[in-house]
Amino acid sequence: MKRTVRRQLEPGFNTVETVVFMEGLSSIEHYHTRGERPRRVLENINLVIKRPESWGIYGRSLLEIKLLLEVMANIKPYHAGRCILVERGMMRNKRVILEHVFYICGPTMLYDNMNVLEFLMFATAKRGSGAVYRQEQIFELLLSIGLGPISLTPIARLTREEKVVVTLLVTAYSESVMIVFNVPEYRFNRMLSTAIAHIAALIKERGKTLIMGSKDCRLIEKSCSHTAYVAEGRMIYQGTVEELRLTYDKILLIIEDPEAPQIMERLAPRLPELHFTLKGRRLLISEPGEDNTDPHLIYENIIRSGFAPRSMKVNPKTVQNAYEEIDRQYDL
Amino acid sequence: MIYKHSYFSKELRQGYTENIVSSKQRVVFALFLGLISFAVFFAAQPLRESVLLEAIPQIMQPSYFSTLYIYIHVALVLNIFYYILNYDSLFFYEIKQNSWYLLVKMGYNPLTMIFSKLTALLLSTIFVYTIGFFFTAFMTYFLKYSLIPAYFPSLYLAGLIDLIIMIIISMTLSTFVKSITGARYFIAFSFILLIILKIKLGYYSILSNRVAMQNLYNLFDIGRSPFLPAAAAIVSVFILVCIVMARNISKYYYLPDTGYDGILTPGERVVLIDPKTGRGRALGNGKRQARRRKIFDVASVSFLILFILAALSFNLVILAINASTLGREVSFRGTIPYIFKSSTMEPEIMLNDLVYFKQIEPDDKVEVGQIILFEEHYVTYVERVIGIEKGLYRVDIDNYPPLSETGAMIKTVDREAIRGIYSGRNRWLGALILFANTIFGRLLFLLIPAILLFYHRPITERTKQLWLN
């Protein structure tokens, strides 16, 4: 029966374009501060996610990110608005397992008495292909995405972050078109961030959409094609990562030198159209307007001021800076 | 190595990483069960000369029946410990940890998994139980007791039935309970209920009867006890409920018990407001967990203190009784406790009974027929007063050994030599003191409190992890 249902749905999934459609959505959950009116955790959220894309939902509050993804995955109900999943509406029955959604919010899905490769083989056993070929493929995949060091480690010995990454890898083999990776409270190290980026690419390549909640801008930059920013319960930004970086990251140059404050003092009167921010030994030079100042011009000014900074580089435009800029603009 | 396990083979392995390791571990567990049963049997042997021989002859008698009878109970208790320790992987609780969510999404059939899980646990339990049973019988062979194989099938079956009942009940409960802690309490509670049911339905009187147990049919004889038909009905209902519930809960994704604990920033309070009633319900911010931890801390520390104090007090009493010497008898509020290590006063006072003597003053009256504690030539005696002549008391024992001359032990005692008059006895306390003086008793009452005193912190932490996760 289950197989039949899947076969019926699969062709539908292939033609689906919009994976999540949210319109004016607000949550049942409220922030409650003594002496103040309760405020909804999510208020008037509009969001459209298509396939195949990988989304990083960023926010200042872990709760807002987590709740948004829970609503999106049909785990939690919402108060008002519309939320349509995979162009099929939204189930009234919450937490029920949906064919098209794969939801991850913790490390408990794996079996501790297996190693990583063994579990992946076990999980993918119903996905056709011979065991020998499949194991070879999975092992090679583990090596290629940088999870080689833990491939034969018993799952009981993995950290919770490693466990959720292994779970995420399983989703790439699933038939769900929408994968929700809702662990914004976790901190992933470099190895795991790289693995997530690879898995996100793999998921996208297989025509699925990954939606992950994270407060880690680097991870979003590495793994996501799209990003959204939720702050104070509202959707502040949604679009591609590229667009975000180019639009909001106004920093042109980053200078690192022990004399950064002195450099700033000298340069500020010379380049009044630029904005200077001091972060320890780092001086960030940004351009508030749309003038496209040539970095070379700034460099010449620094040399003329009599300084030779130890390090000076053109800002590669990061998600971190872009979101910081959004924070400034929205006074968050 | 190519990994191609089915769900059933994974379940058969239970908590172990490899099939070979899991089989070895299981055999070791079975042997451990057998050895523990033997240890209990040997620990009980020094207590044979006490009330225990009459109360629980099925354990105290030197026979295969005793060792196997102990084994079927030890196997049940230790298996329950095993279930409690490995609860999250052995039972359907893993569905609520979303392990099945992933598998269902990956094409596994929940119904097949339900049957595989049940069958695998039953098979592995039967495997362990059987090895342990025959290992215990094998070990008993070296004690040269007379072998009566007739009660082997009945004992084997009785123990196995208990285990099956507990597995089915625990499996079913695991589909209802929300937290592991609750489930562990439920398993322990079910075990107690099972014992009560067996006692109430007269099943224990068959189990404890060596003659009745020589006929397997007696276990199923409703006239003797309706326990087995009742158990069969309970198991059938529980199996049905278990399958239906497991199938139902496997359709859902489960959120962790902790809710938003660890997600909310300090001071942040989130409430879920019901749109219909407008009432708010606070969502987790770690307070619930903290409260549970506090309750656990208070309960465990109180229990530890009580246990250590009780054990120490008990040891002090035993030391005092053991150290009481002639003329310097220890008395507690005018009562002299005395361990009677003779059968000369049977049936009034049995061997190893704890006897209480009322300490007497010089002007207290001693009458004929009373049992007295007196000293003669630096030896303490307990005998009955059979006559009083010119201020001297004639005393004699109640029970002469066979073939000995009656009246040979009659003595005449001065009033000053009498220390106390018999006021009562406690056979169970006598057995307990006897046990406390054995090596196992010393370990239990002295070593364990000492260990708890010095290592209470890691022990409490480990228990907390186990019960509060």
Side-chain angles (χ1 to χ4, degrees), chain A residues 2-3 6 28-34 38 40-41 61-63 66-67 70 73-76 79-80 93-97 99 102-106 108-115 117-127 131-132 134-135 154 156 167 170-171 173-176 184-185, chain B residues 1-7 9-11 13-18 21-22 86 88-89 93-94 96-111 249-256 258-265 267-275 278 280-283 285:
Chain A
K2 201 160 185 59
R3 290 262 168 211
R6 187 160 57 233
I28 301 170
E29 291 79 1
H30 291 69
Y31 285 116
H32 200 277
T33 314
R34 200 177 286 272
R40 290 191 190 280
V41 176
S61 153
L62 285 173
L63 176 68
K66 205 151 179 96
L67 187 60
E70 281 174 346
N74 190 44
I75 300 293
K76 289 271 174 84
H79 169 66
N93 200 359
K94 295 296 155 190
R95 293 192 295 104
V96 71
I97 300 178
E99 192 72 21
F102 204 128
Y103 181 70
I104 304 167
C105 87
T108 56
M109 286 185 187
L110 314 180
Y111 287 108
D112 282 353
N113 58 342
M114 292 182 170
N115 66 39
L117 178 62
E118 191 180 8
F119 180 78
L120 290 172
M121 283 296 288
F122 176 61
T124 57
K126 306 283 178 191
R127 291 282 173 259
V132 179
R134 193 158 36 92
Q135 183 160 319
T167 315
V170 175
T171 65
Y173 290 87
S174 74
E175 286 173 3
S176 304
E185 69 272 32
Chain B
M1 178 182 183
I2 301 297
Y3 299 110
K4 42 181 180 180
H5 306 296
S6 64
Y7 184 79
S9 66
K10 180 208 88 75
E11 278 304 308
R13 280 161 37 187
Q14 294 180 1
Y16 315 114
T17 48
E18 288 171 29
V21 177
S22 77
N86 298 286
D88 44 350
S89 61
Y93 188 75
E94 67 176 22
K96 292 179 181 175
Q97 291 187 310
N98 299 315
S99 300
W100 282 32
Y101 173 85
L102 185 143
L103 297 181
V104 170
K105 299 265 346 151
M106 297 305 289
Y108 280 83
N109 183 347
L111 207 59
I249 62 170
S250 64
K251 288 177 186 164
Y252 292 92
Y253 184 89
Y254 292 88
L255 289 168
T258 46
Y260 291 121
D261 292 351
I263 298 284
L264 300 177
T265 49
E268 207 169 40
R269 188 164 176 258
V270 176
V271 289
L272 194 75
I273 296 183
D274 189 325
R281 179 168 59 86
L283 296 177
N285 58 358

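Only this structure's heavy atoms are used, side chains among them; waters, hydrogens and symmetry mates stay out. Quantities reported herein were computed from a predicted structural model and do not represent experimental measurements.
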- Message: What verdict does the ring pair (Phe, Tyr, Trp, His ring centres under 6.0 Å) test give for B:Tyr93 and B:Tyr254, after you've listed the backbone C-alpha separation in whole Å, the side-chain angles of each residue and the deciding distance to 0.1 Å?
- Response: CA-CA 11 Å; B:Tyr93 188 75; B:Tyr254 292 88; 9.3 Å; no

Which atoms of [X] come close to chain B, meaning under 4.5 Å heavy atom to heavy atom: side chain ones, backbone ones, both, or neither?
| X | answer |
| --- | --- |
| A:Glu185 | side chain |
| A:Asn74 | neither |
| A:Val96 | both |
| A:Leu120 | neither |
| A:Lys76 | side chain |

Find the one option among [options] whose heavy-atom pairs under 4.5 Å with chain B are most numerous.
| options | value |
| --- | --- |
| A:Val41, A:Ile75, A:Leu110 | A:Ile75 |
| A:Leu117, A:Thr171, A:Thr124 | A:Leu117 |
| A:Glu70, A:His79, A:Arg40 | A:Glu70 |
| A:Glu29, A:Met121, A:His30 | A:His30 |

- Message: Show, in sequence, the C-alpha distance, side-chain angles and deciding distance for B:Tyr101 and A:Phe102, and conclude whether the ring pair (Phe, Tyr, Trp, His ring centres under 6.0 Å) test is met.
- Response: CA-CA 9 Å; B:Tyr101 173 85; A:Phe102 204 128; 5.6 Å; yes

- Taking ring pair (Phe, Tyr, Trp, His ring centres under 6.0 Å) as the test, write out the residues that go with A:Phe119, two or more places apart.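 Expected list: none.
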
- Message: Please check: side-chain N/O of B:Ser6 versus main-chain N/O of B:Ser9, any donor-acceptor pairing under 3.5 Å?
- Response: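 Yes, because the side chain of B:Ser6 sits within donor-acceptor range (under 3.5 Å) of the backbone of B:Ser9.
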
- Would you tell me whether A:Tyr111 and A:Glu118 have side-chain atoms, one donor and one acceptor, within less than 3.5 Å of each other?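 Side chains of A:Tyr111 and A:Glu118: no pair found under 3.5 Å.
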
- Query: Just checking, any donor-acceptor pair under 3.5 angstrom between side chains of B:Trp100 and B:Tyr7?
  - Reply: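 Result is yes, a qualifying pair exists.
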
- Would you indicate whether the side-chain heavy atoms of A:Met109 and B:Tyr253 approach each other to under 4.5 Å?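 Yes. Closest side-chain heavy atoms under 4.5 Å.
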
- Item | Which atoms of B:Ile2 approach chain A - backbone, side chain, both or neither, heavy atom under 4.5 Å |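 Both parts, heavy atoms under 4.5 Å.
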
